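Input: a single structure, listed below in structure tokens.
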Amino acid sequence: MMRNRIAPLLESALLKAHAAQELTTSPLPPITIGHPANPEHGDFSCNIAMQLAKGERKAPRQVAEIIIKYLGSGDGLFAKSEIAGPGFINLFVSQAAWQGTLLEIEKQGDRYGRTTSGAMKKVQVEFVSANPTGPLHIGHGRGAAIGDTLCRVLDAAGWDVTREFYYNDAGVQISNLALSVQLRCLGIEPDDPRWPEGGYQGEYIRDVARAYLNRETVEATDQHTTACGDPENIDDIRHFAVAWLRREQDLDLEAFDVRFDVYTLESALYSEGRVDAVVQKLIANGHAYEQDNALWLRSTDFGDDKDRVMRKADGSYTYFVPDVAYHQAKWERGFTRVINEQGSDHHSTVTRVRAGLQALDIGIPQEWPEYVLHQMVTVMRGGEEVKISKRAGSYVTLRDLIDEVGRDATRFFFLMRKPDAQLVFDIDLAKQQTNENPVYYVQYAHARICSIFDNAAEKGFMAPEQPAPDDLTCLSTPEDLQMIKLLAALPDTVDDCAVHFEPHRLTYYLSELASCFHSFYNKNRVISEELKLTEARLYLLKRTAQTLKSALSILGISAPERM
RNA sequence: GCGCUUGUAGCUCAGCUGGAUAGAGCAACGGACUACGAAUCCGUAGGUCGGACGUUCGAAUCGUCUCAGGCGCACCA
């Protein structure tokens, strides 16, 4: 919140210096505001003087002097501004201004932490997008946690977010699925010599087969499918199996508190003629050619390292063709910003899909859509790695994980690492309700504050509502001020998460905030003989609980009042 | 072999897009509850930021090379 107030002040100082012809650089470089590690260097610092020095043919410190002259006290925001080191401008925000931010936090209520950076522009985020060939596993869990939190973060940063799930319900894998269910219906098991190599071996296939033979009905939000029960009817089996597994995945996601606005089915892209239309357009644009009985896209014209088959010798399309059709549809739906969250094992699709979209020549930017690729997850249990094999059906499902370690801990653990780092999910650690578990550390801070309020109420103390600024001047110990500064940083942190697509920054923010509180609490008495100080501290803690809860809710994690 | 990605304390990881003396948690060691929750706090110790060269006022951060791990490299998805 401070950062957004300081940047315009610096900018106007630069413009004034420019108007007075004391500075000549044009255009001005973007202003970056840093947080010095050393408190002696102020609350914020700016390196603009060093950046300008060369062009201005002046010493950096001399440039800084000019800027500070026009910056003045920043409408009373700064208690002090000084030039340090090679030419940093160090800014010290006044205590009164810091204390005043608490009033602003109270005013914003549940919305504190939200910003307007996105200006309500449309953005679409596609995530999970698992094949409906099995329940969601731990890898999908990471995608769900990152994608969902990215949506929450973008929403908090003022974007108009659409959450989307794409079902690959056509193609070879689905045929494999149908065949596997059919064989189970006929009593053929994976250890039978007739079992095909690519068949799905998981136990859930047996469940699907049983449900199919019992002519069960699958009910879900947008579907209503009843099995005919005939083991020879492969089309009906496919239809039923996909519906059954989609429902399973929906339940998995519900248990994780992840919801979507739009579900798009690959099969619909075919039935609506979008896939054919894309191929025709690519041929018409001269980017396709026939060879070896197949139709190829000359994707090498668009940065790919080799050309790609679009239509196979058997007449069917490769998977990326409907993917291009799908993204064309996203573009036509008016999403100038689209983010795809996927496992990094799919990173080769990025160039291919973008190449296809470029070849359509309909004005789509080269870097569209954007991608967030998360690295693989390994699971540790009892000090050993749990091996995952989807085909063999041995893997940790998302549902098992949530049942075992709880939703809050599962989400937090998935979000602790930046997406492009590999993640080791230690089930034993996540289950521990001890100090080793960061989730409890943060939640404990919230619960602890709530219990202080109970205690205060018993003794007749209440946090004041909308206190006068003077009532807060007693919040002046280093711990008081450090707390306030951290509370004020939430909106900036939300913006950073949204800009960089890195939800993990919020988990670090929360750990830091919790740590700051615990430390404050051990050093300072909240309820004391001094009425004014007691009320001011209760007010500070009220804002702290509010901020913790707000930040946790952006991560989709609860803020318990007792634990 | 090529592409993407990662390499920071004994372990697991941050490091705010080039800033000032590189930070946390765990593990180790030593301390703190006869008043607000000890699921907590305070302190000590621990680092040639994988390695080499380069770019500049300044590099963990950018570039080139190199080593190591992961993931991809289908007319599978």
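Just so it is clear, the structure is predicted and the values come from calculations on it, not from any experiment. A, B, ... follow the sequence lines: proteins, then strands. Residue 1 opens every chain.
Using a 4.0 Å cut-off, no side-chain N or O of Lys312(A) falls inside it from OP1 or OP2 of A74(B). In this structure, Tyr441(A) reaches the C41(B) phosphate: one of its side-chain N or O atoms is under 4.0 Å from OP1 or OP2. In this model, the phosphate group of G15(B) is approached by a side-chain N or O of His504(A) to a distance below 4.0 Å at OP1 or OP2.
Nucleic acid contact class of His518(A) (heavy atoms, under 4.0 Å, all strands): sugar-phosphate only. Counting any heavy atom pair closer than 4.0 Å across all strands shown, Arg311(A) reaches no nucleic acid atom. Note on Asp307(A): nothing from the nucleic acid sits closer than 4.0 angstrom, heavy atoms only. Residue contacts for Asn168(A): at a heavy-atom cut-off of 4.0 Å it reaches the sugar-phosphate backbone alone, with no base atom in range. Contact annotation for Met310(A): no contact, since no heavy-atom pair falls under 4.0 Å across all strands. Within 4.0 Å of Arg308(A), counting heavy atoms only, lies no atom of the nucleic acid at all. Using a 4.0 Å heavy-atom cutoff across all strands shown, Met416(A) reaches no nucleic acid atom at all. Residue contacts shown for Arg537(A) are absent, as no nucleic acid heavy atom lies under 4.0 Å away. Contacts of Asn293(A) with the nucleic acid, taken as non-hydrogen atoms under 4.0 Å apart, are absent. Across all strands shown, Ser316(A) has no heavy atoms under 4.0 Å from either base or sugar-phosphate atoms.
Mapped onto RNA chain B by nearest heavy atom, Ala170(A) and Phe88(A) fall at different nucleotides, with Phe88(A) at the one closer to the 5' end. Mapped onto RNA chain B by nearest heavy atom, Asp496(A) and Glu40(A) fall at different nucleotides, with Asp496(A) at the one closer to the 5' end.
Side-chain rings of Phe414(A) and His374(A) stay apart, their centers remaining 6.0 Å or farther from each other. Taking the six-membered ring for Trp and the full ring otherwise, His347(A) and Tyr371(A) have centroids separated by 6.0 Å or more. Ring centers of Phe88(A) and His41(A): at least 6.0 Å apart, outside the cut-off. Ring centroids of Phe165(A) and Phe127(A) are separated by 6.0 Å or more, keeping the two rings apart.
Among C16(B), A20(B), G37(B), the nucleotide with an atom closest to any side-chain atom of Tyr444(A) is G37(B). Of the candidates C75(B), C41(B), G15(B), the closest approach to any side-chain atom of Glu502(A) belongs to G15(B). Closest to the side chain of Arg448(A), from the set C75(B), A14(B), U40(B), is U40(B). Of the candidates A74(B), C13(B), C42(B), C42(B) carries the atom nearest the Ser519(A) side chain, counting heavy atoms from C-beta on. Taking every side-chain heavy atom of Val309(A) into account, C75(B) is the closest of G15(B), U40(B), C75(B). Comparing atom distances between the Ser348(A) side chain and each of C57(B), A14(B), G72(B) picks out G72(B) as nearest. Here the side chain of Val172(A) is nearest to one of G19(B), C76(B), C71(B), namely C76(B). Nearest to the side chain of Ala447(A), among G70(B), G37(B), A74(B), sits G37(B).
In this model, a side-chain donor or acceptor of Asn38(A) finds a partner on the base of U21(B) within 3.5 Å. Residue side chain Asp305(A) does not reach the base of G3(B) through any donor-acceptor N/O pair under 3.5 Å, judged by distance alone. Put simply, the side chain of Tyr319(A) and the base of A77(B) share a donor and an acceptor less than 3.5 Å apart. For His347(A) and U5(B), a side-chain-to-base donor-acceptor distance below 3.5 Å is absent, hydrogens and geometry of angles not being considered.
Geometrically, Lys542(A) engages Phe453(A) in a cation-pi contact defined by less than 6.0 Å to the ring centre and at most 45° from the axis.
Separation of the P atoms belonging to U6(B) and C42(B) is 33 Å when rounded to the nearest angstrom. G3(B) and A60(B) have their P atoms separated by 27 Å, given to the nearest Å. Only the P atoms considered, G47(B) is 33 Å distant from A39(B), to the nearest whole Å. Comparing the C1' positions of C49(B) and U61(B) gives an interatomic distance of 10 Å, to the nearest angstrom. Nucleotides C65(B) and C29(B), compared at atom C1', are 44 Å apart to the nearest Å. C33(B) and A38(B) are spaced 7 Å apart, taking the C1' atom of each and rounding to whole Å. A distance of about 33 Å separates the P atoms of A68(B) and G58(B), rounded to the whole Å. Going from the C1' atom of A9(B) to that of G63(B) covers 28 Å, rounded to whole Å.
Summarising the geometry, the separation between CZ on Phe412(A) and P on G25(B) is reported as 14 Å, rounded to the nearest angstrom. Taking atom CZ on Arg352(A) and atom P on A77(B), their separation rounds to 10 Å, with Å as the unit. If you measure from atom CD of Gln173(A) to atom C1' of A74(B), you get 12 Å, rounded to the nearest angstrom. Spacing between atom CH2 of Trp296(A) and atom P of A74(B) amounts to 11 Å, rounded to whole angstrom units. Following rounding to the nearest Å, Tyr509(A) (OH) and G25(B) (C1') show an atom-to-atom distance of 19 Å. Distance, Leu513(A) CG to G25(B) P: 15 Å, rounded to whole Å.
The base-pairing partner of C29(B), taking Watson-Crick or G-U wobble contacts with both distances under 3.5 Å, is G43(B). Across every strand in view, C62(B) sits in a pair with G54(B) that passes the Watson-Crick or G-U test at under 3.5 angstrom. Remark: U12(B) base-pairs with A24(B). Criterion, Watson-Crick or G-U wobble with two distances under 3.5 Å. Nucleotide G3(B) forms a Watson-Crick or G-U wobble pair with C71(B), both donor-acceptor distances falling under 3.5 Å. Partner assigned to A38(B) is none, using Watson-Crick or G-U wobble distances below 3.5 angstrom.
Side-chain atoms of Arg246(A) and Gln249(A) form no donor-acceptor pair, as typed in the model, at a separation below 3.5 Å. Gln443(A) and Asp408(A) share a side-chain donor-acceptor pair at under 3.5 Å. No side-chain donor from either of Asn437(A) and Tyr444(A) sits under 3.5 Å from a side-chain acceptor of the other. Judged by distance alone, the side chains of Thr493(A) and Asp496(A) never bring a donor and an acceptor atom under 3.5 Å apart. In summary, the side chains of His35(A) and Arg3(A) do not present any donor paired with an acceptor at a separation below 3.5 Å, with no hydrogens or angles considered. His327(A) and Asn340(A) are linked by a side-chain donor-acceptor pair at a separation below 3.5 angstrom, with hydrogens and angles left out of the test.
In this structure, C62(B) shows a glycosidic angle more than 90 degrees from zero, which is the anti conformation. Glycosidic conformation of U17(B): syn, with the torsion inside 90° of 0.
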- Message: If you apply the rule side-chain contact (heavy atoms from CB on, under 4.5 Å), what do you find for Met462(A) with Glu535(A), and how did you get there?
- Response: CA-CA 7 Å; Met462(A) 290 271 285; Glu535(A) 289 192 335; 5.8 Å; no
- In the 5'-to-3' direction, what one-character label does each nucleotide of nucleotides 31-36 of chain B receive under the scheme B = base within less than 4.0 Å of a protein heavy atom, S = sugar-phosphate only, - = no such atom? ----BB
